[in-house]
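I have placed the structure first, in the form of structure tokens, so that the comments after it can refer back to it.
This chain uses plain numbering: 1 for the first residue, then up along the sequence.
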Amino acid sequence: MFNNLGIHFIQYPTGRFGFVGTLPYELGSEVKASGDDIRAGRFTTKNEDGETVTIKFPTFETIQEAINHADARGVSYCISTSCACMKLRQ
């Protein structure tokens, strides 16, 4: 499995932190897809019960919580000193 997929940590306008980029499923949770998910063209699939589901990714109060979430799931990433990710961490 390719693990370092171009994950970036960002701070949303709400002040919370999350992930953008090519995200592995391990970072998210499978939830029942809403009509809005389907209409917006978000990734959906059928689960074993035949329900239409999608993957939702959490947001965090701090960038360190987002990093810890990725680390706990074995997802690697690169934090470059020139990247906004590193600037947020300082």
What residues form a side-chain hydrogen bond (donor to acceptor under 3.5 Å, both in side chains) with [X], not counting sequence neighbours?
X: S34; value: D37
X: T52; value: K46
X: E51; value: N47
X: E61; value: R16

Interatomic spacing from OG1 in T59 to CD in E65 - rounded to 0.5 Å |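 Answer rounded to 0.5 Å: 9.5 Å.
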L23 CG to I7 CD1 distance, which is reported to the nearest 0.5 Å |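 The distance works out to 6.0 Å.
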ring-ring contact (aromatic ring centres under 6.0 Å, His included): which pairs involve residues 30-55, sequence neighbours left out?
->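 Checked against ring-ring contact (aromatic ring centres under 6.0 Å, His included) - neighbours excluded - the pairs reaching residues 30-55 are Y25-F43.
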Does K32 have any salt bridge (Lys or Arg N to Asp or Glu O under 4.0 Å) partners at least two apart in sequence or in another chain, and if so, which?
->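 Not a single residue meets the salt bridge (Lys or Arg N to Asp or Glu O under 4.0 Å) criterion with K32.
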Can you sort out the partners of D49 under salt bridge (Lys or Arg N to Asp or Glu O under 4.0 Å), two or more places apart, ordered by chain and number?
-> none
Partner residues of Y12 under the ring pair (Phe, Tyr, Trp, His ring centres under 6.0 Å) criterion, sequence neighbours left out =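 Not a single residue meets the ring pair (Phe, Tyr, Trp, His ring centres under 6.0 Å) criterion with Y12.
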Taking it one step at a time, do F17 and F9 satisfy ring-ring contact (aromatic ring centres under 6.0 Å, His included)?
-> CA-CA 7 Å; F17 293 87; F9 302 92; 9.1 Å; no
Is the closest side-chain heavy-atom distance between Q11 and I63 below 4.5 Å?
-> no
